[in-house]
Novice: 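Quick one: the structure is below, questions incoming.
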2 protein chains.
Amino acid sequence: MSTVTAMPIGPGGTRYKEVKEAMLAALTEQEWKGGEVIPSEKKLADRFGVSIGTLRKAIDELCAENILIRHQGLGTFVAQHRRDRHFFRFFRVARRDGDRAYPVVTLVNFKRAKSAPAVAARLGINDGTRLFVFTNALALHDKVVVIDTVMLPETKFPGLTESMLRGRPNTLYNFYQDAFGINVTSTDERLRIGRASELESKLLEIEAGAPVLEVERVAYSINQKPVEYRITHINTEEYEYIAGTSKSSDI
Amino acid sequence: MSTVTAMPIGPGGTRYKEVKEAMLAALTEQEWKGGEVIPSEKKLADRFGVSIGTLRKAIDELCAENILIRHQGLGTFVAQHRRDRHFFRFFRVARRDGDRAYPVVTLVNFKRAKSAPAVAARLGINDGTRLFVFTNALALHDKVVVIDTVMLPETKFPGLTESMLRGRPNTLYNFYQDAFGINVTSTDERLRIGRASELESKLLEIEAGAPVLEVERVAYSINQKPVEYRITHINTEEYEYIAGTSKSSDI
DNA sequence: AAGTGGTCTAGACCACTAC
DNA sequence: TAGTGGTCTAGACCACTTA
């Protein structure tokens with residue numbers, strides 16, 4: 001019977017969760033784009049009809065999920081994939097001595113194909129859906145160590161061309177963000193022993209069929225929809241994959 | 001100069017960080033032990049001379065780091081390693097179809113040894129420091145798939161014996177907690193291609209020298225001190241290692 | 001100096017759990 | 001019913017950034 005609160009709590013839970021959902025909606029509708037500053041906490045609190053404390057709790061969670069980034073004195077920004085920030089959150093390969101270098105990427109293949117059942121299942125699409133498929137060779141310290149084979153549903157990346165991939169100035173996920181409004185926020189990865197293909201063996205300078213560390217990745221966008229499927233093969237003679245449970249999400 | 005606040009903010013930062021540090025100290029001194037309930041928020045706020053809101057912010061962070069666990073209506077508890085909870089936070093092996101089973105553990109070796117330089121460096125101890133070294137074979141769905149070789153500094157685990165390891169009722173990290181007051185809260189892992197040893201090849205039913213997924217783990221306790229070094233070898237013919245960036249820490 | 005996010009407060013009320 | 005944590009408020013003051 002209380003009539004104290006300005007607005008009743010809607011279906012599904014609490015006020016700050018509602019605010020969070022409303023902000024996620026604004027982000028998916030690209031009202032606020034990657035790298036942009038969002039309105040101040042005061043303005044957002046007014047807009048959603050809640051106190052600053054409640055509004056802050058919603059932003060707290062979005063920051064914890066690496067969707068927003070706060071900057072004291074500056075404002076709150078939509079997280080942007082940049083080579084100099086957040087890059088190593090998704091690139092987990094380092095030299096055995098711990099040195100983490102930026103890879104030099106070379107596109108070695110670009111084609112269209114129809115989705116195999118296993119890939120379609122992971123991407124939540126129908127078998128045979130058309131995909132862009134491309135392969136990148138990643139060099140660390142002037143030596144090719146990683147081969148990425150990336151598969152993207154054509155419907156989510158309309159108009160993607162080989163030259164766009166060659167010309168991109170920043171990271172691949174930055175490119176998804178700027179060119180297609182797709183914000184990769186989390187990944188699911190599975191690791192196992194794989195075997196180098198003929199092409200990979202040449203690029204990695206190992207024998208064909210030699211064991212490599214295989215990483216199967218599905219990348220998810222802001223609304224938890226799968227947007228990318230990727231198979232990575234790593235030569236771990238001098239490099240390794242870094243995992244582990246940490247409290248703060250990045251490195 | 002303001003004389004409003006009850007206590008000046010000490011060196012190093014903010015009130016809630018101070019409260020958090022004080023609580024971490026109480027935890028390392030085992031004032032509150034694994035599985036126990038800690039005092040109510042009201043009592044802790046009085047004890048530390050802060051408001052409930054500030055006290056809650058300290059607990060928020062400790063919960064985010066999986067050190068405490070809140071239970072509405074019940075209280076706040078010191079996180080405990082249990083077979084039925086938090087186990088898969090550290091055990092990352094699953095069948096390829098996604099099925100995650102509890103391993104059946106068999107101790108196959110127990111000995112003492114002196115630390116090699118590489119291990120000592122990881123554990124932050126001197127070369128040649130005495131270690132307990134033991135090997136476990138882990139079976140999933142009635143088949144040995146994982147071999148763990150665990151190294152523990154004798155000084156941190158005084159009085160550890162083979163029979164204690166055989167008799168433990170719960171998980172290994174639960175055992176560290178109950179028997180030695182060591183709370184493992186995070187791990188650092190590095191993955192690469194390894195080769196099965198003679199012993200491993202027999203247990204895993206593969207050829208000696210066959211490629212296996214090698215995981216090098218350092219486990220850290222509540223105060224970020226390394227407490228365990230471990231090499232894991234996984235047969236990934238039917239199983240795989242699960243990684244990835246997720247927002248919520250557990251699975 | 002103006003505007004931003006960061007900290008902290010003191011309290012009301014709600015939701016859950018145990019007895 | 002009593003006690004716990006969970007949500008929410010309305011505001012003060014601090015620290016940082018830009019101009």
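Naming: A, B, ... by sequence-line order, numbering from 1 per chain.
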Novice: Return no unless some side-chain N or O of Arg15(B) is found under 4.0 Å from OP1 or OP2 of dG6(C).
Specialist: no
Novice: Could you work out which one of dG5(C), dC8(D), dG5(D) sits closest to the side chain of Thr14(A)?
Specialist: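 Nucleotide nearest to Thr14(A)'s side chain: dC8(D).
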Novice: The criterion is ring-ring contact (aromatic ring centres under 6.0 Å, His included); which residues satisfy it with Tyr229(B), sequence neighbours excluded?
Specialist: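 If we apply the ring-ring contact (aromatic ring centres under 6.0 Å, His included) test to Tyr229(B), skipping adjacent residues, there are no hits.
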Novice: Quick one: is dT9(C) close enough that its OP1 or OP2 comes under 4.0 Å of any side-chain N or O from Thr54(B)?
Specialist: yes
Novice: For Phe48(A) and dT9(D), what is the distance between atoms CZ and P respectively, to the nearest whole Å?
Specialist: 13 Å
Novice: Give a yes or no answer on whether the side chain of Asp148(B) reaches the backbone of Val150(B) with a donor-acceptor pair at less than 3.5 Å.
Specialist: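 Here the side-chain-to-backbone pair does not exist.
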Novice: Figure out the NE2/C1' separation between His71(B) and dG3(D), and round it to whole Å.
Specialist: 16 Å
Novice: Relative to the 5' end of DNA chain D, which residue comes earlier, Gln72(B) or Gln72(A), by the nucleotide with the nearest heavy atom?
Specialist: Gln72(B)
Novice: Taking any heavy-atom pair under 4.0 Å as a contact, classify Lys42(A): base, sugar-phosphate, or nothing.
Specialist: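 If one applies the 4.0 Å heavy-atom cut-off, Lys42(A) turns out to touch nothing in the nucleic acid.
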Novice: Would you check if the side chain of Arg89(A) reaches a backbone N or O of Thr185(A) as a donor-acceptor pair within less than 3.5 Å?
Specialist: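 Yes, because the side chain of Arg89(A) sits within donor-acceptor range (under 3.5 Å) of the backbone of Thr185(A).
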Novice: In whole Å, I'd like the distance from the CG atom of Leu62(A) to the P atom of dG5(C).
Specialist: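 Going from Leu62(A) (CG) to dG5(C) (P), I get 14 Å.
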Novice: Please report the distance, rounded to the nearest Å, between CD1 in Ile52(B) and C1' in dC14(C).
Specialist: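 One finds 15 Å between C1' of dC14(C) and CD1 of Ile52(B), rounded.
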Novice: Calculate the interatomic distance between Lys17(B) atom NZ and dC8(C) atom P; express it in whole Å.
Specialist: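 Those two atoms, NZ and P, are 10 Å apart.
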Novice: Over how many whole Å does the gap from Ile59(A) atom CD1 to dT4(C) atom P extend?
Specialist: 12 Å
Novice: For the side chain of Lys43(A), starting at C-beta, report the closest nucleotide among dG6(D), dT4(C), dC8(D).
Specialist: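 It is dT4(C).
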Novice: Considering just the side-chain nitrogens and oxygens of Arg56(B), establish if one lies under 4.0 Å of OP1 or OP2 belonging to dG6(D).
Specialist: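 So the side chain of Arg56(B) is within the cut-off, an N or O lying under 4.0 Å from OP1 or OP2 of dG6(D).
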Novice: Can you pull out every salt bridge (Lys or Arg N to Asp or Glu O under 4.0 Å) where at least one residue sits in residues 165-180 of chain B? Sequence neighbours excluded, please.
Specialist: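 Sorted result for residues 165-180 of chain B: Glu162(B)-Arg166(B).
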Novice: Check whether Glu240(B) reaches the backbone of Arg92(B) with its side chain - one donor and one acceptor, N or O, closer than 3.5 Å.
Specialist: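 Looks like no, no N/O pair under 3.5 Å.
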Novice: Would you mind reading off the distance between Leu74(A) atom CG and dA19(D) atom C1', rounded to a whole angstrom?
Specialist: 12 Å
Novice: In terms of the nearest nucleotide of DNA chain D, which residue is placed more toward the 5' end: Val50(A) or Glu41(B)?
Specialist: Glu41(B)
Novice: Looking at Lys57(A), I'd like to know whether one of its side-chain N or O atoms comes within less than 4.0 Å of OP1 or OP2 on dC8(D).
Specialist: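 Negative; the distance criterion is not met.
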Novice: Just how far, in rounded Å, is P of dT7(D) from CG of Leu55(A)?
Specialist: 16 Å
Novice: Nearest of dC8(D), dG5(C), dT9(C) to any side-chain atom of Ser40(A)?
Specialist: dG5(C)
